[in-house]
Each structure stands twice: as structure tokens, then as C-alpha cells.
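Note sheet for the following structure.
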Amino acid sequence: MTQHAAHTVLTALTEDVTKAVEDVAGVAYLRPGVAQLLRGAVAPAGRPAGVRITRGGDGADLWNVDVRIVALSDTRALDVARATRAAVEACLTSALPRDAKPARVSVTVTGLV
């Protein structure tokens with residue numbers, strides 16, 4: 001797979017995961033990173049805030065998905081984190097059905113609103 005094709009797959013997967021997370025009940029929004037905060041609203045669209053997906057790096061060919069969310073204050077953060085993790089895992093299963101290796105999914109609730 002070429003580097004461009006791998007980037008295209010990663011971009012599409014990131015967008016799918018972002019949509020899945022945004023649809024979870026109790027998620028207020030994805031936590032923007034420092035780059036998104038510094039660039040402001042007029043910056044060109046880059047990778048979605050709050051979702052980082054990488055592959056491999058530690059000798060294994062695993063997908064590593066890191067999601068940072070802000071939850072609604074009238075929900076339990078633990079329940080929202082678990083639901084978010086389940087939604088991401090379901091998204092990965094449907095997007096990567098042939099991928100035999102499991103993914104590492106990390107969900108962090110960074111705040112409540």
C-alpha cells in the first residue's frame with residue numbers, strides 16, 4: 001500500500017470513528033487539541049479534534065485509537081466512556097472486517113459541561 005493510500009484509509013477511518021463518537025448519547029463534543037485551539041475557527045480542516053488513530057509502532061500491527069471527549073454533566077462519565085468505547089469498537093469492526101488484529105481503544109473524558 002502506498003503512503004498516499006494508507007493516508008486516505010486513515011483519514012476515512014478517522015472520519016468514521018469521529019461520526020460514531022459524536023452519535024454517542026452523553027458526548028457533548030470531542031475535545032479539541034492544542035493545535036485546534038491555537039489555529040482558531042478560520043483554520044483549514046485538519047484531522048478531527050479529539051480522535052487520534054495510529055498503526056503499529058510497537059512491533060505489533062495493531063490499530064491504536066485514542067479518543068478524548070467532553071461529556072454532558074447530567075450523565076455518568078464512566079457510562080459515557082464505556083458507550084464511546086463500544087461505539088468505536090463497532091465502527092472499527094465494520095470498517096476493518098478483515099483486520100485480524102484487535103485494536104487498542106482508549107477513551108478519556110476530559111471534562112463535563
Side-chain angles (χ1 to χ4, degrees):
M1 182 182 292
T2 68
Q3 186 175 7
H4 178 68
H7 178 71
T8 302
V9 169
L10 185 61
T11 300
L13 185 58
T14 302
E15 290 172 0
D16 291 346
V17 169
T18 298
K19 175 74 173 119
V21 171
E22 289 172 342
D23 290 343
V24 173
V27 172
Y29 55 88
L30 287 156
R31 172 80 168 104
V34 173
Q36 289 86 7
L37 292 172
L38 292 176
R39 279 190 230 143
V42 296
R47 91 182 150 95
V51 175
R52 190 177 86 202
I53 301 177
T54 58
R55 182 123 193 213
D58 57 356
D61 202 21
L62 299 173
W63 288 98
N64 297 299
V65 182
D66 180 38
V67 179
R68 295 178 186 271
I69 59 172
V70 174
L72 297 173
S73 61
D74 61 346
T75 60
R76 284 187 39 193
L78 177 61
D79 294 338
V80 176
R82 286 179 177 164
T84 300
R85 181 184 171 103
V88 170
E89 289 172 343
C91 178
L92 293 174
T93 298
S94 67
L96 304 169
R98 299 175 199 255
D99 209 17
K101 306 266 183 182
R104 285 188 208 135
V105 179
S106 170
V107 177
T108 305
V109 178
T110 63
L112 299 171
V113 292

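- A heavy-atom distance below 4.5 Å is not found between the side chains of T93 and C91.
- Residues V21 and V88 form a side-chain contact, since some pair of their non-hydrogen atoms from C-beta on lies under 4.5 Å apart.
- For the atom pair OG1 (T84) and CG (D23), the distance works out to 11.0 Å, reported to the nearest 0.5 Å.
- Within the model, atoms CD1 of I53 and CZ of R104 stand 14.5 Å from one another, a figure rounded to the nearest 0.5 Å.
- In this structure, the side chain of R85 engages the main chain of V105 through a donor-acceptor pair within 3.5 Å.
- A distance of 9.0 Å separates CZ of R52 from OG of S106, quoted to the nearest 0.5 Å.
- Here T108 contributes atom OG1 and R31 contributes atom CZ; the two are 11.5 Å apart, rounded to the nearest 0.5 Å.
- Between T8 atom OG1 and L13 atom CG the span is 12.5 Å, to the nearest 0.5 Å.
- W63 is listed as a side-chain neighbour of L10, based on a closest heavy-atom distance under 4.5 Å.
- Using a 4.5 Å cut-off on side-chain heavy atoms (C-beta onward), L30 and E22 make contact.
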Sequence neighbours excluded and cut-off under 3.5 Å, please list the side-chain donor-acceptor pairs for residues 68-83, or say none.
from : atom 1 : to   : atom 2 : distance (Å)
R68  : NE     : D66  : OD2    : 3.4
S73  : OG     : V113 : O      : 3.2
T75  : OG1    : L72  : O      : 2.6

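- Residues forming a side-chain contact (heavy atoms from CB on, under 4.5 Å) with E15 (at least two apart in sequence, or on another chain): T11.
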